[in-house]
Amino acid sequence: MVVPHYLPTMPVSVFRFEYWFTVVVVIASILVFLKWPNRWLRLAFLWYLFSIFFLLNFDYGRVVQMVADRYMYLPSVGFCFFAGHIIDKIFKKKFFLSSVGKFAVLIFLAGIAFFLAGRTFSQVGVWKNSLVLWNYTIKHNPASYLAFNNRGRVYERSREFELALTDYKEAVRLNPIYEKAYKNMAMVFEGMGDLQSAFDSYSKAIKIKANYFEALNNRALLFEKRGDNAAALRDYDQAIASNSKYVLGYANRGALFLKLGEMDHSLADLTRAIALAPNHLDAYKNRSSWYLQMNMLAEALQDCQQAVHLNRSDPTTHMICSVVYQKMGDYALALKYAESERHFGYSVDEKYITNLKVKFSDK
């Protein structure tokens with residue numbers, strides 16, 4: 001049975017059939033390679049060894065899947081050449097001299113081709129969509145924690161939080177040290193409004209993998225909501241130390257520095273985030289706010305306009321631009337952007353709107 005995720009037989013031991021039999025096959029293959037002086041067979045073996053080498057995963061702690069059927073596609077080409085060589089010899093009367101024999105071989109080959117075509121057609125249906133794929137995997141390999149985690153992601157994206165949570169819990173039951181499932185479970189808890197459970201799940205993920213920068217970043221955001229800015233900064237620092245190119249870490253830490261009034265650190269982080277991701281909306285918004293607080297209006301306007309370009313329906317951006325234009329004395333555009341925010345369903349201080357209208361009419 002072909003499934004998308006295979007689990008290694010545990011524990012790893014030479015006394016288990018899967019492992020000692022593999023050694024036997026390898027030794028037998030080497031003997032065949034050395035004793036059978038057929039250049040096509042040797043081509044098949046060498047093609048297999050050299051092509052599969054780059055697909056081998058030696059670090060199971062880092063790579064979830066050590067083996068996969070797709071890893072066999074390219075390495076098998078050499079054996080296809082060898083099979084073609086054998087068929088060619090058959091049809092050149094090396095083995096069968098009669099036409100009846102060649103016809104029998106032809107029928108046999110046609111049967112194999114139809115069988116493989118049918119299996120291919122059946123297998124393609126497994127990949128219809130992600131839900132079908134992981135349902136199939138769980139049906140045939142119910143111990144696959146990866147399948148439960150990935151099906152949980154499908155449910156999460158469709159906001160079926162209870163189903164997602166059930167799958168994530170099964171994933172960590174099957175593999176208690178699978179940090180991704182804990183992180184995903186935390187995100188579901190956040191979507192359900194259960195911030196304490198989300199915090200606990202992020203912490204479990206980080207306990208398993210101390211440099212799990214995504215979980216660190218998300219837990220930092222929860223620390224911010226609790227008002228524990230010092231703990232949030234520690235998590236942001238650790239996330240960035242774990243991944244020096246982690247855009248969200250820089251963007252969120254820069255926003256927190258801005259809130260704390262640490263302006264130099266804030267500007268450095270926000271600028272770094274934009275350098276790494278030139279289309280990062282929040283980084284542009286926060287850097288525009290930074291420039292606004294420093295009364296650097298031209299720079300603030302440039303950043304808020306870039307943010308509007310990235311997402312014209314984001315109301316916060318319109319309000320920042322409104323304040324920038326108001327400080328620049330362009331009350332018409334300030335009023336336009338303020339009313340744009342109200343257009344998107346967000347409340348705007350009526351006194352602010354009235355004041356802009358008065359100044360615009362006076363001007």
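Everything numeric here is computed off the predicted structure, so don't read it as measured data. Index from 1, following the sequence.
Surrounding NE2 of His265 are at most 12 heavy atoms belonging to other residues, nucleotides or ligands under 6.0 Å away. Residue Arg39 places its CZ atom among 12 or fewer non-hydrogen atoms of other residues, nucleotides or ligands, all under 6.0 Å distant. Annotation for Asn129: atom CG counts as buried by contact number, over 12 foreign heavy atoms lying within 6.0 Å. Atom CG of Leu131 has more than 12 neighbouring heavy atoms from other residues, nucleotides or ligands inside a 6.0 Å radius. Atom OH of Tyr352 has more than 12 heavy atoms from other residues, nucleotides or ligands within 6.0 Å. Surrounding CD of Gln305 are more than 12 heavy atoms belonging to other residues, nucleotides or ligands, all under 6.0 Å away.
Residue pairs meeting the salt bridge (Lys or Arg N to Asp or Glu O under 4.0 Å) criterion with at least one member in residues 187-209: none, sequence neighbours excluded. Within the structure, salt bridge (Lys or Arg N to Asp or Glu O under 4.0 Å) contacts touching residues 133-147 (residues at least two apart or in different chains) do not occur.
The pair Lys285-Asp303 does not meet the salt-bridge criterion, since no charged nitrogen lies less than 4.0 angstrom from a carboxylate oxygen.
Between atom CG of residue Asn149 and atom CD of residue Glu156 there is a gap of 9.5 Å, rounded to the nearest 0.5 Å. Glu170 CD to Asn175 CG: the interatomic distance, rounded to the nearest 0.5 Å, is 11.5 Å.
The backbone N or O of Ser313 lies less than 3.5 Å from no partner atom in the side chain of His318, so there is not a single donor-acceptor pair. Judged purely by atom type and a 3.5 angstrom limit, Ser266 uses its side chain to pair as donor or acceptor with the backbone of Gly254. A donor-acceptor pair is defined here as one N or O able to donate and one able to accept, closer than 3.5 Å; such a pair exists between the side chain of Thr271 and the backbone of Leu267.
Relative to the ring axis of Tyr202, Arg219 does not place its NZ or CZ within 45° and under 6.0 Å from the centre.
In the model, Tyr246 has no side-chain atom that pairs as donor or acceptor with a side-chain atom of Glu214 under 3.5 Å. Remark: the Thr137 side chain and the Asn135 side chain contain no N/O donor-acceptor pair separated by less than 3.5 Å. Tyr337 and Thr317 are not linked by any side-chain donor-acceptor pair at a separation below 3.5 angstrom, with hydrogens and angles left out of the test.
Less than 6.0 angstrom separates the ring centroid of Trp47 from the ring centroid of Phe81.
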* To do: Please lay out, stage by stage, how Asp235 and Asn217 fare under the test side chain to side chain donor-acceptor pair (under 3.5 Å).
  => CA-CA 6 Å; Asp235 272 2; Asn217 174 78; over 6 Å; no
* Asked: Does the salt bridge (charged side-chain N to carboxylate O under 4.0 Å, His left out) test come out yes or no for Arg153 and Asp167, once each step is laid out?
  -> CA-CA 9 Å; Arg153 292 287 292 158; Asp167 274 0; over 6 Å; no
* Could you walk me through whether Gln196 and Arg226 pass the side chain to side chain donor-acceptor pair (under 3.5 Å) test, one step at a time? => CA-CA 10 Å; Gln196 182 58 52; Arg226 292 180 171 186; 2.9 Å; yes
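Under the 4.5 Å side-chain heavy-atom criterion for Ile, Leu, Val, Met, Phe, Trp and Tyr, Leu297 and Leu301 are members of the same hydrophobic cluster. Residues Val172 and Tyr145 fall into different hydrophobic clusters, defined by Ile, Leu, Val, Met, Phe, Trp and Tyr side chains chained together at heavy-atom separations under 4.5 Å. Connection of Leu216 to Ile208 is not established within any shared hydrophobic cluster, with ILVMFWY side chains joined at heavy-atom distances below 4.5 Å, either directly or through further cluster members. Hydrophobic clustering (side-chain heavy atoms under 4.5 Å, transitive across Ile, Leu, Val, Met, Phe, Trp, Tyr) groups Tyr236 together with Phe257. Side-chain heavy atoms closer than 4.5 Å link hydrophobic residues (I, L, V, M, F, W, Y) into clusters, and following such links, possibly through other members, connects Leu292 to Tyr325.
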